[in-house]
S.K.: 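What follows is a single structure, and I will ask about it in a moment.
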Amino acid sequence: MLKDSNEPLWDGCMNHSKLSVVEQVFTIKSAHGLSEVGYDKIIEWAKSILPEGNRLKENFYTAKSMMKPLGLGYQKIDMFPNFCMLYYHENAELTECMTYGHFCYKPRTDRGKTLVAYKKLRYFPITPRL
């Protein structure tokens with residue numbers, strides 16, 4: 001990670017490192033709700049205008065694997081569609097809302113074996129980030 005933060009994007013580049021560019025494009029992706037395909041298209045375009053021998057990661061998967069050691073993951077928590085209840089800790093095994101009695105998960109199809117929640121909360125723990 002330190003090597004990537006000190007390695008210039010291309011030989012002679014003074015403004016950006018490999019890590020800084022990946023971080024900036026990740027920020028754009030999350031701020032504007034881009035898909036992984038959208039991220040890949042931005043990278044494809046950027047690589048086409050950068051000089052030969054640039055060190056920009058090729059796609060979302062390789063950039064994500066570069067950022068993984070930072071430990072900035074998140075937890076997905078199922079929640080009730082009306083935002084009244086989280087299915088977390090002691091309520092993790094429930095399938096109905098305690099207030100309204102509605103089912104939390106979408107009806108299963110013949111092929112689907114896992115439960116799919118109507119809504120999900122993404123929890124970003126603060127401790128690893130500090």
S.K.: Side-chain heavy atoms nearer than 4.5 Å, only ILVMFWY residues, links allowed to pass through others: does that put Leu19 and Tyr61 together?
M.R.: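 Cluster IDs for Leu19 and Tyr61 differ.
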
S.K.: Among all residues two or more places apart in sequence or in another chain, which pass the side chain to side chain donor-acceptor pair (under 3.5 Å) test with Lys120?
M.R.: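 Applying side chain to side chain donor-acceptor pair (under 3.5 Å) to Lys120 gives Asp78.
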
S.K.: With rounding to the nearest 0.5 angstrom, report the CG to OG distance, Leu9 to Ser20.
M.R.: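 Rounded to the nearest 0.5 Å, the CG-OG separation comes out at 7.5 Å.
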
S.K.: Restricting to side-chain contact (heavy atoms from CB on, under 4.5 Å), what partner residues turn up for Ile43, sequence neighbours left out?
M.R.: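 Per chain and number, Ile43 pairs via side-chain contact (heavy atoms from CB on, under 4.5 Å) with Val25, Tyr39, Lys47, Leu56.
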
S.K.: Does any part of the side chain of Ile42, heavy atoms only, come nearer than 4.5 Å to the side chain of Leu34, both counted from C-beta?
M.R.: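 A side-chain contact under 4.5 Å exists here.
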
S.K.: So, using side chain to side chain donor-acceptor pair (under 3.5 Å) as the criterion, who are the partners of Glu23 when residues are at least two apart?
M.R.: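 Thr27.
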
S.K.: Taking the side chain as every heavy atom from C-beta outward, state whether Trp10 and Glu52 have any atom pair closer than 4.5 Å.
M.R.: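 Not touching, per the 4.5 Å side-chain cut-off.
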
S.K.: Please enumerate all residues that pass side chain to side chain donor-acceptor pair (under 3.5 Å) together with Asn59, with sequence neighbours excluded.
M.R.: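 Once residues adjacent in sequence are excluded, the partners of Asn59 under the side chain to side chain donor-acceptor pair (under 3.5 Å) criterion are Thr62.
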
S.K.: Quick one: side chain to side chain donor-acceptor pair (under 3.5 Å) partners of Asp11, sequence neighbours excluded?
M.R.: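 Side chain to side chain donor-acceptor pair (under 3.5 Å) list for Asp11, sorted by chain: Arg55.
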
S.K.: Is Val37 isolated, or which residues cluster with it under the ILVMFWY side-chain rule of less than 4.5 Å, directly or via members?
M.R.: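 ILVMFWY cluster around Val37 holds nothing else.
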
S.K.: Check whether any side-chain heavy atom of Lys29 lies under 4.5 Å from a side-chain heavy atom of Phe60, and answer yes or no.
M.R.: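 With C-beta onward as the side chain, the pair touches.
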
S.K.: Just how far is it from atom CG of Asn54 to atom NZ of Lys18, taken to the nearest 0.5 Å?
M.R.: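 The NZ atom of Lys18 is 10.5 Å from CG of Asn54, to the nearest 0.5 Å.
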
S.K.: Check whether any side-chain heavy atom of Glu58 lies under 4.5 Å from a side-chain heavy atom of Glu44, and answer yes or no.
M.R.: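 No, every pair of side-chain atoms sits at 4.5 Å or beyond.
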
